[in-house]
2 protein chains.
Amino acid sequence: MDRIPILKMGDFLLVTIQVDLYDQLAETLESDLAQMVKKYSSKGVLIDISAVSIIDSFMGRILGNISNMSKIMDAETVVVGMQPAVAITLVELGLPLKGIHCALNVERGMELLRSKVILDTPEDDEDDSNPE
Amino acid sequence: MDRIPILKMGDFLLVTIQVDLYDQLAETLESDLAQMVKKYSSKGVLIDISAVSIIDSFMGRILGNISNMSKIMDAETVVVGMQPAVAITLVELGLPLKGIHCALNVERGMELLRSKVILDTPEDDEDDSNPE
């Protein structure tokens with residue numbers, strides 16, 4: 001496999017990480033995500049890691065990179081589906097995943113994203129910039 | 001990896017296939033899907049195969065199995081994100097994926113699912129069975 005598929009779901013992008021991220025794959029994922037955030041003016045990125053059984057410092061850094069990159073491009077990032085064992089290991093390793101929002105599952109992650117972003121739909125009736 | 005994660009999104013289930021399906025993995029996916037359809041009373045299953053570069057007769061049979069199983073449990077199945085090369089190969093191999101609905105991407109797949117299923121929300125105001 002040479003790239004992880006990114007699914008567009010409305011204003012958000014969804015990525016399911018099922019395999020171990022090695023250097024090239026992680027790099028491709030980062031650049032693909034940045035490009036898709038730009039292409040679709042996405043407001044949020046959901047990363048599902050329910051199939052990931054180990055998060056090491058490399059993976060943590062990748063998640064942080066994606067989160068920071070998205071933030072710069074005005075998109076929020078939420079990591080969903082972390083397994084309990086992974087959370088325990090992360091804390092024991094002293095990797096608190098700073099700056100990364102988490103949610104229990106995809107649905108809650110979407111709710112969190114919706115609450116975080118102001119979904120400014122480009123409709124005329126919402127145009128309140130004209131002076132009265 | 002011992003199982004493919006299944007994401008619940010409202011009334012639908014979403015599966016992203018990123019790795020080659022071998023016997024055990026496919027079997028686990030089938031049973032997991034059937035259980036989740038039951039557990040969440042799901043109305044549809046979306047299978048994203050945008051990361052799949054080869055669909056052979058085994059994979060085609062698995063997709064057919066999932067579709068048939070879901071149908072029996074009153075859920076529709078839509079396969080989304082097929083790469084052009086895969087479609088060409090399928091036709092050349094004489095594997096038309098009978099009985100499987102396809103859509104270009106996840107969003108269109110969701111639309112197709114919504115049009116196929118009657119989302120009977122358990123609300124009282126939609127009760128039109130009373131005679132006038």
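Numbers restart at 1 for each chain; the letters A, B, ... are given by sequence-line order, proteins then strands.
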Is there a side-chain contact between A:D48 and B:T16 in this structure, where contact means two heavy atoms from C-beta onward sitting under 4.5 Å apart? no
Taking the side chain as every heavy atom from C-beta outward, state whether A:L14 and B:V106 have any atom pair closer than 4.5 Å. no
Would you say [X] and [Y] are hydrophobically clustered, going by side-chain heavy atoms of ILVMFWY under 4.5 Å?
X: B:M69; Y: B:F58; result: no
X: A:L29; Y: A:M73; result: yes
X: B:L33; Y: B:Y22; result: yes

Is A:I54 atom CD1 crowded by more than 12 heavy atoms from other residues, nucleotides or ligands, each under 6.0 Å away? no
CG (A:D56) with more than 12 external heavy atoms under 6.0 Å: yes
Structural part of B:N105 lying under 4.5 Å from a heavy atom of chain A: neither
Give, for atom CG of B:L46 and atom CE of A:M9, the distance between the pair rounded to the nearest 0.5 Å. 7.0 Å
For residues A:E107 and B:G10, report the shortest heavy-atom separation together with the two atoms involved. OE2-N, 2.6 Å
